[in-house]
Amino acid sequence: MFRPALAVSLLALASPLAAQEWQPEIGAVRAHVGFLASDEMKGREAGTPEYDIAARYVAAQFEALGLKPVGAKDSYLQPVPLVTFRAANEGSVELVRGGAATKLQFGVDYLPGANPLSPETAKDAQLVFVGFGVVAPGFKRDDYAGLDVKGKIVVILGGAPATLPTEERAHYSNGVTKRRLAAERGAIGIITVQTPTREKVSPFARNARNWRYLGATWAHSDGTPDYPGGTAPGLATLSMAGAEKLFAGMPGGAKAVFDAAEGKGANPKRGPMPLNARVVLKSEIARAPSSNIAGLLEGSDAKLKDEVVVLSAHLDHVGICPEVKDDTICNGAMDNAMGIASMIEVAHGFKHLKVRPKRSILFLAVTAEEKGLIGADYFAQNPTLPKGNLVANVNLDMPIVTYDFKDVVAFGAERSSIGPAVARAGATMGIALVPDPEPEQGIFTRSDHYRFVQQGIPSVFLVTGPGGEGAVVGKAFQKNHYHQPSDDMNLPFVWSAATKFVALNLAIARDLADAPDRPRWNKGDFFGTLYKGYGADGK
């Protein structure tokens, strides 16, 4: 995370805030959120007509602001060939010891996976426990060392070792990372086990209530769904109750495994297990075309305008969801109508500044974030502008503005020269930068900026921080409103905090757009090096 000491040291470097030239208007922000989070939008689920209406609304805002359409064919819209998938039924999971089979109970012991590559998946193989399933040479950890998993089903603990730094920990917790590692070693499937820590972050009971939410990916030109590590699909997630049955034959059972995983070293004993698993899944797979929305504010400097700073926010939410208090529409006011409204108003602010930014700025609303950052991934791999011209990403996702925030967590800031820009912007507004208070949440890989990181582009993602009421408000939102119908306009918005969030992101983007040098990764940074980003090699 960004170091508070750096923020203090850069205080004297702060430049005058752009708000001296333009002030975001509460009414404008509130109007955007009100429209996008209305019941008529039915939760803006990607691939639905209501999402398409929301996309046209954003495109119309971009047109009104005079942004250049840079979607496809002189349009603001970039078609995204979504492929949706979900479990078609409860599936079946059996554990077989010495010929005796134990059938696990759906919704109590396990939840089924879904496979976008096949409507039917059946696996019957020995289990191998690989701990967290992490291979991190830089941290001298290889959970597969000495294990033969070829043709086997691997059992992997959810999350990653607490011994890893927060953002690297999020990377190794990511399901795609784990699937790739398993597939590269010849595994034919993954069973993920809920741990006590993961239970606090993402309760099994909540996931069981929402087990038929649609997942998604995007299709290549030949129609094949993009699914890295697809030869080792996720077969099931076991609850802690299911883990008791799974680890029953190991010394100390599930408790010993969890104690070792969450104790010093975070290193439970790994190895072949004396049992097989028989898993049968059925998946519903469908094509659900959607779109990203892209508008460009061209830079004013002849030499720098080809370099592009991307401001992104996801437009989709989760649509119709399980009923709570006679309400089934997950409106997504904070998540992420607020982020889209902020992005539109940042664009509005740039149009009103006396001097246009030197670099160009791309305003990008993406689809299917809620289904795995899919729209951002599609754009990052198939950009409508030359990929080499994209020099930075600032992502706006679910700022909680039901209190007057005093600080922010800036994920990714200290990894690149974006960090000083964030520090300068915060300093002009008296907003402190603080470390991630909840590293177990794995936030760094859970929003759209991460797809730009994976393409080597320095990125930052700001969330309103824990200072003042922040810690209490944030936890209350996660518990009572996140992905629930109550995330709507009845929340106690503090609209002055919303406009402050707009002004902060405008100041960051303006700093990046006008800096003499393009943003660069810090020399030797983990992500910059992993994804071969500009500056990470020190050149």
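Nothing fancy with the numbering, it's 1 onward along the sequence.
For T328, the side-chain contact (heavy atoms from CB on, under 4.5 Å) test picks out I320, E323, with sequence neighbours left out.
A salt bridge is absent between K475 and E438; no separation between the charged side-chain nitrogens and carboxylate oxygens falls under 4.0 Å. Salt bridge status for E168 with R415: present, with a side-chain N to carboxylate O gap under 4.0 Å.
Ring centroids of W211 and F106 are separated by less than 6.0 Å, placing the two rings close together. Taking the ring centroids of Y51 and H317, they lie at or beyond the 6.0 Å cut-off.
The side-chain contact (heavy atoms from CB on, under 4.5 Å) test with N331 is passed by exactly one of D487, L491, D39: D39. For the side-chain contact (heavy atoms from CB on, under 4.5 Å) test with D226, the passing option among I374, T217, V83 is T217; the others fail.
Heavy atoms from other residues, nucleotides or ligands lying under 6.0 Å from NZ of K103 number more than 12.
Side-chain N/O atoms of N395 and S312 include a donor and acceptor closer than 3.5 Å. N207 and S202 share a side-chain donor-acceptor pair at under 3.5 Å. Donor-acceptor pairing under 3.5 Å is recorded for the side chains of D377 and Q381. In summary, the side chains of T445 and H171 do not present any donor paired with an acceptor at a separation below 3.5 Å, with no hydrogens or angles considered.
Counting only heavy atoms from C-beta outward, the side chains of V193 and V257 never approach each other to under 4.5 Å.
Ring pair F477/H481 is tilted by interplanar angle, where 30° to 60° counts as tilted.
Remark: M489 CE to L36 CG distance equals 10.0 Å, nearest 0.5 Å.
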Run F411 and Y450 through side chain to side chain contact (heavy atoms under 4.5 Å, CB included) and show every step you take. CA-CA 10 Å; F411 292 95; Y450 187 60; over 6 Å; no

Starting from the C-alpha separation in whole Å, work towards a yes-or-no answer on side chain to side chain contact (heavy atoms under 4.5 Å, CB included) for L104 and L238. CA-CA 9 Å; L104 299 187; L238 268 58; 4.2 Å; yes

Between L246 and M273, does a side chain to side chain contact (heavy atoms under 4.5 Å, CB included) hold up when you go through it step by step? CA-CA 9 Å; L246 176 70; M273 301 179 70; 4.0 Å; yes

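Under the 6.0 Å distance and 45° angle rule, R169 does not count as a cation-pi partner of F132.
The two residues D335 and H314 make their nearest non-hydrogen contact at OD1-NE2, 3.1 Å.
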